Amino acid sequence: MSRLHGLYVITDSQLLADDDALLLGVEAAIAGGASVVQYRDKSADQAKRLRQSRALLNLCRKHGVPLLINDDVALAVEIGADGVHLGLDDATLFEARERLGKQAIIGVSCYNQLALAQQAEQGGADYVAFGRFFSSNTKPNAVQASRELLLEAKQQIGVPIVAIGGITPENGGPLVATQADMLAVIHGVFAQADICTAAQNYTELFQNPKIRARRISNDAITQSI
């Protein structure tokens, strides 16, 4: 099975406010089944970003989980990260591949645009991400994506597909059933009191069809009330 499958956790510098919280939180998420970690810190503190990402890479290597860097190709190169995730205003896919090499994992945000995903696949992206699918604490004004888009993308795109944006263990079931390869989560894992258990609740959606079906049924009942 591809390692680009399952729960994809993204760190948050406010929820994981210091070095210890970051490492303990990510280790708990990995223990709960997280298969990919993305380091995301939008601050201008380059020393902190370098220190934390290096420590996080050591942790991820220990557990055999890839570490991707959000936006910052230079930082990914400096620490030898497993790859990067690129947004619309970041380095181009070509530039990232040139600097990181053929083995790097490069993912691209495609928002709610299938054409962007097709371009990213043609350009050599290792995965594409759509979202937000639900109300998001991190990006409340992000464009809305739909399950219909996810289904269409799955039929036309060969690389793994990530769903992101307000995803919970309760509403994530239908996205996995629509064949999202990964669910990308921040608050649903790192804002929870028990990070390991929170991660397990997402991981179960991929591992246990009965649990997924039950949560899909419960979600449908909730929406009908």
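The model shown is predicted, which means the values in this text are computed figures rather than measured ones.
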**OP:** Could you please spell out the steps behind the side-chain contact (heavy atoms from CB on, under 4.5 Å) verdict for Tyr202 and Val185?
**Re:** CA-CA 9 Å; Tyr202 288 95; Val185 180; 3.6 Å; yes
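- Nearest heavy-atom pair across Ala29 and Ala199 is O-CB, 3.6 Å.
- Side-chain contact check for Asp12 versus Leu16: every heavy-atom pair is 4.5 Å or farther apart.
- Evaluation of the ring-ring contact (aromatic ring centres under 6.0 Å, His included) rule for Tyr127 yields Tyr8, His85 as partners, not counting sequence neighbours.
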**OP:** Just do the side-chain contact (heavy atoms from CB on, under 4.5 Å) check on Asn171 and Phe134 with the steps written out, would you?
**Re:** CA-CA 9 Å; Asn171 64 28; Phe134 305 100; 3.4 Å; yes
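- Under the 3.5 Å distance criterion, with hydrogens and angles disregarded, no donor-acceptor pair is assigned to the side chains of Asp45 and Ser43.
- Cluster annotation: Val9 is connected to Leu15 through the hydrophobic network of ILVMFWY side chains, with a link wherever side-chain heavy atoms come within less than 4.5 Å.
- Cluster annotation: Val128 is connected to Leu114 through the hydrophobic network of ILVMFWY side chains, with a link wherever side-chain heavy atoms come within less than 4.5 Å.
- Between Asn137 and Ile186, the closest side-chain pair of non-hydrogen atoms is not below 4.5 Å.
- A donor-acceptor pair under 3.5 Å is absent between the side-chain atoms of Glu27 and the main chain of Leu24, judged by distance alone.
- Of the possible donor and acceptor atoms, one in the side chain of Ser53 sits under 3.5 Å from a partner among the backbone N and O of Arg49.
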**OP:** Kindly determine whether Ile164 and Leu183 satisfy side-chain contact (heavy atoms from CB on, under 4.5 Å), including the steps that lead there.
**Re:** CA-CA 6 Å; Ile164 188 170; Leu183 299 180; over 6 Å; no
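- Considering every non-hydrogen atom in both Val84 and Ala96, the closest pair reads CG2-CB, 4.2 Å.
- Between His187 and Gln192, the side chains place no donor N or O within less than 3.5 Å of an acceptor N or O (distance only, hydrogens not considered).
- Between the side chain of Asp181 and the backbone N or O of Ile161 there is at least one donor-acceptor pair closer than 3.5 Å.
- Looking only at distances, no side-chain donor or acceptor of Glu78 sits under 3.5 Å from a matching main-chain atom of Leu50.
- Across all non-hydrogen atoms, the minimal contact from Ala184 to Ile10 is CB-CD1, 4.0 Å.
- The backbone N or O of Gly188 sits nowhere less than 3.5 Å from a side-chain atom of Thr168 that would complete a donor-acceptor pair.
- When atom types are taken as modelled, the side chain of Asp82 and the backbone of Ala76 share no donor-acceptor pair closer than 3.5 angstrom.
- Judged purely by atom type and a 3.5 angstrom limit, Thr178 has no side-chain atom pairing as donor or acceptor with the backbone of Leu150.
- For the atom pair CG (Asn70) and CG (Leu75), the distance works out to 10.5 Å, reported to the nearest 0.5 Å.
- A chain of hydrophobic side-chain contacts below 4.5 Å, direct or via other Ile, Leu, Val, Met, Phe, Trp or Tyr residues, connects Leu59 to Leu67.
- Within the 3.5 Å criterion, the main-chain N or O of Asp41 finds no donor-acceptor partner in the side chain of Ser13.
- Contact annotation: the side chain of Leu151 never approaches that of Glu148 to less than 4.5 Å [non-hydrogen atoms, C-beta and beyond].
- To the nearest 0.5 Å, the span separating CD on Gln118 from CD on Gln113 amounts to 11.0 Å.
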Subject >> Worked verdict on Thr11 versus Arg40 for side-chain hydrogen bond (donor to acceptor under 3.5 Å, both in side chains) >> reply: CA-CA 5 Å; Thr11 68; Arg40 182 178 187 272; over 6 Å; no
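- Within 6.0 Å of atom NZ in Lys62, 12 or fewer heavy atoms from other residues, nucleotides or ligands are found, so the atom counts as exposed in its surroundings.
- Atom CZ in Arg147 sits 15.0 Å away from atom CZ in Phe130 (nearest 0.5 Å).
- With values rounded to the nearest 0.5 angstrom, Asp18 atom CG is found 9.0 Å from Leu23 atom CG.
- Between atom NZ of residue Lys48 and atom CD of residue Gln46 there is a gap of 10.5 Å, rounded to the nearest 0.5 Å.
- A side-chain donor-acceptor contact under 3.5 Å links Asp19 and Gln52.
- Two residues are said to be in side-chain contact when any heavy atoms from C-beta on lie closer than 4.5 Å; Leu86 and Val73 meet this criterion.
- Closest approach of Ala34 to Val65, counting heavy atoms only: O-CG2, 3.9 Å.
- A salt bridge links Arg97 with Asp126: at least one charged nitrogen is closer than 4.0 Å to a carboxylate oxygen.
- A donor-acceptor pair under 3.5 Å links the side-chain atoms of Tyr111 to the main chain of Leu88, judged by distance alone.
- No side-chain heavy atom of Tyr39 sits under 4.5 Å from any side-chain heavy atom of Leu57.
- Of all the heavy atoms in Met182 and Pro160, the pair that sits closest is CE-CB, 4.4 Å.
- The hydrophobic cluster containing Val77 also contains Val37, counting ILVMFWY residues as joined when their side-chain heavy atoms lie under 4.5 angstrom apart, directly or transitively.
- Between the side chain of Asn201 and the main chain of Pro169, no donor-acceptor pair closer than 3.5 Å is present.
- Note that the CG atom of Leu7 and the OG atom of Ser35 stand 6.5 Å from one another [nearest 0.5 Å].
- Here the shortest heavy-atom pairing between Ala163 and Ala180 reads CB-CB, 4.2 Å.
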**OP:** Apply the test side-chain contact (heavy atoms from CB on, under 4.5 Å) to residues Ile69 and Ile79: give CA-CA distance (whole Å), side-chain angles for both, the deciding distance (0.1 Å), then the verdict.
**Re:** CA-CA 10 Å; Ile69 304 297; Ile79 71 166; 4.0 Å; yes
